[in-house]
Amino acid sequence: LEEKVFGMSKREKDIRELADFMKSDKCRRVVLMLGAGVSTSAGIPDFRSPKTGLYSNLARLNLPHPEAVFEISFFRWNPVPFYTLAAELYPGNFRPTPTHTFVKLLHQHNLLHMCFTQNIDTLERQAGVPAHKIIEAHGSFATQRCIQCKSPFPDDEMREIVLSDRPEGEEVRIPRCKRRECGGLVKPDIVFFGESLPANFIRNIPIIGEADLVIIIGTSLTVQPFASLAGMPDERRCRRALINMERVYDLGRRPGDAVLLGECDAIVRELCEALGWGEELEREWAAT
Ligand code: APR
């Protein structure tokens, strides 16, 4: 039973305190760090949650180990498991969550300095967050190219191939390079294990040091170098807030840390209420 302090639970106190900081003139630049937990309520499984996470549901793909589906060496050898999974993850079938809309509200209230996301689902863009405020650290499904000659592959053709219905049991179609002399495998511009990270991410990592507040939402912070950004801000001039089902990394270690455990959409709704953005959040989210 949460002890009631001045009629408020600890959680309510933490949320009010965070909202008051966000409304103060000490908080001008908010940097977000997002992970797959932000998109689970949109119907996209995360990777590591027990039972529901992607990595515990790939048995049907006969992989040597779950992450192989996103390993470049395995993909070169056998692209079928990835393209089987791609049909289930491909953008266009999913709607942004209230948490994605919260990112857009931060921008509309001139607080969003940058949104670093590990997600490949492009839901931040779909929620209306401007492209120049999004850094997709692990790439995205938005574009694709040949892994041999790097020639871009047409978006509409890719969608048609990935989402084409096929009779039960028939193998997935694999997009191949349009250049006849090449014929290499085509892969979406998502970063596979064994590939280098987008230059746009590496180049912009120092932005995390410009934040007055870093809000980390829906990530286990297990994949480097993304996870290390959480420890970069100088604790004398930047606060951190975790919105997640579970404690991760070193969040909670610093005196200024806010650790808000639970379902991100519910916590975001409480935070928006405390910010006076409750109505706006529902209206903007309903319009996505
Ligand atoms: N609300 C709050 N937290 C949630 C929710 C939710 N609705 N759903 C899941 N979570 C939490 C989980 O408890 C977990 O801590 O989100 C986190 C998701 O962690 P992962 O599944 O590891 O996803 P992520 O951290 O984004 O993975 C990082 O791993 O495989 C690579 O490249 C892939 O970008 C991915 C990277």
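Numbers for residues simply follow the sequence, beginning at 1. Every number for a ligand or one of its atoms is a count from 1 in the order of the listing. Quick note: numbers below take in every heavy atom, side chains included, and nothing from hydrogens, waters or symmetry partners.
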Stepwise, does the side chain to side chain donor-acceptor pair (under 3.5 Å) test hold for Thr40 with Asp46?
CA-CA 6 Å; Thr40 48; Asp46 69 7; 6.0 Å; no
Give yes if a backbone or side-chain nitrogen or oxygen of Gly35 is under 3.5 Å from a nitrogen or oxygen of ligand 1, and no if not.
no
Verify same cluster id: Ile243, Ile15 (apolar side-chain graph, 4.5 Å)
yes
Aromatic centroids of Phe47 and Tyr55 separated by under 6.0 Å
yes
Sub-3.5 Å N/O-N/O distance, Phe193 and ligand 1:
no
Can you list the steps and then say if Glu88 with Asn93 is a side chain to side chain donor-acceptor pair (under 3.5 Å)?
CA-CA 9 Å; Glu88 294 168 30; Asn93 304 334; over 6 Å; no
Around atom 25 (O) of ligand 1, find the nearest protein heavy atom and jot down its residue, atom name and distance.
Thr219 OG1, 2.7 Å
Would one find an N or O of Phe47, backbone or side chain, under 3.5 Å from an N or O of ligand 1?
yes
If you take the centroid of each ring, where Trp contributes its six-membered ring, are Phe82 and Phe192 closer together than 6.0 Å?
yes
Starting from atom 4 (C) of ligand 1, find the nearest protein heavy-atom neighbour and note its residue, name and distance.
Met245 CG, 3.3 Å
Checking the side chain of Gln144 only, and the main-chain atoms of Phe153 only, is there a donor and an acceptor separated by less than 3.5 Å?
yes
Identity of the nearest option to atom 30 (O) of ligand 1, non-hydrogen atoms only, from Phe70, Tyr55, Tyr249:
Tyr55
Decide whether Thr143 and Asp189 meet the rule of one side-chain donor and one side-chain acceptor closer than 3.5 Å.
yes
Who's the nearest protein heavy-atom neighbour of atom 27 (O) of ligand 1, and how far?
Arg48 NH1, 3.0 Å
Could you say whether the N/O atoms of Asn119 and ligand 1 ever approach to under 3.5 Å?
no
for atom 11 (C) of ligand 1, nearest protein heavy atom and its distance come out as Asn244 OD1, 3.4 Å
Shortest reach to atom 16 (O) of ligand 1 by a heavy atom, considering only Ser49, Gly218, Pro45
Gly218
Would you mind listing which atoms of ligand 1 come within a distance below 4.0 Å of any non-hydrogen atom of Asp46?
9 (C), 12 (C), 18 (C), 21 (O)
Rounded to the nearest 0.5 Å, how far does SG of Cys238 lie from CG of Leu213?
6.5 Å
If I compare all heavy atoms of Pro45 with all of Gly43, which pair ends up nearest, and what's the gap?
CD-O, 3.6 Å
Closest protein heavy atom to atom 26 (O) of ligand 1, given as residue, atom name and distance to 0.1 Å:
Ala36 N, 2.8 Å
Nearest-neighbour protein heavy atom for atom 6 (C) of ligand 1, which is reported as residue plus atom name and distance:
Gly37 O, 3.5 Å
Looking only at the side chains, is there a donor atom on one of Thr288 and Gln126 sitting less than 3.5 Å from an acceptor on the other?
no
For Gly262, take its heavy atoms, then give the atoms of ligand 1 lying under 4.0 Å from any of them.
1 (N), 2 (C)
Could you check whether any side-chain N or O of Asp212 sits under 3.5 Å from a backbone N or O of Arg29, counting only pairs where one atom can act as donor and the other as acceptor?
yes
Under 4.0 Å to a heavy atom of Glu263 - the qualifying atoms of ligand 1, by number:
1 (N), 7 (N)
Considering only the protein, which heavy-atom contact is closest to atom 28 (C) of ligand 1, and what is its distance?
Gln118 OE1, 3.2 Å
By number and element, which atoms of ligand 1 are closer than 4.0 Å to a non-hydrogen atom of Glu246?
13 (O), 14 (C), 15 (O)
For atom 34 (O) of ligand 1, what is the closest protein heavy atom, and at what distance to 0.1 Å?
His138 ND1, 2.8 Å
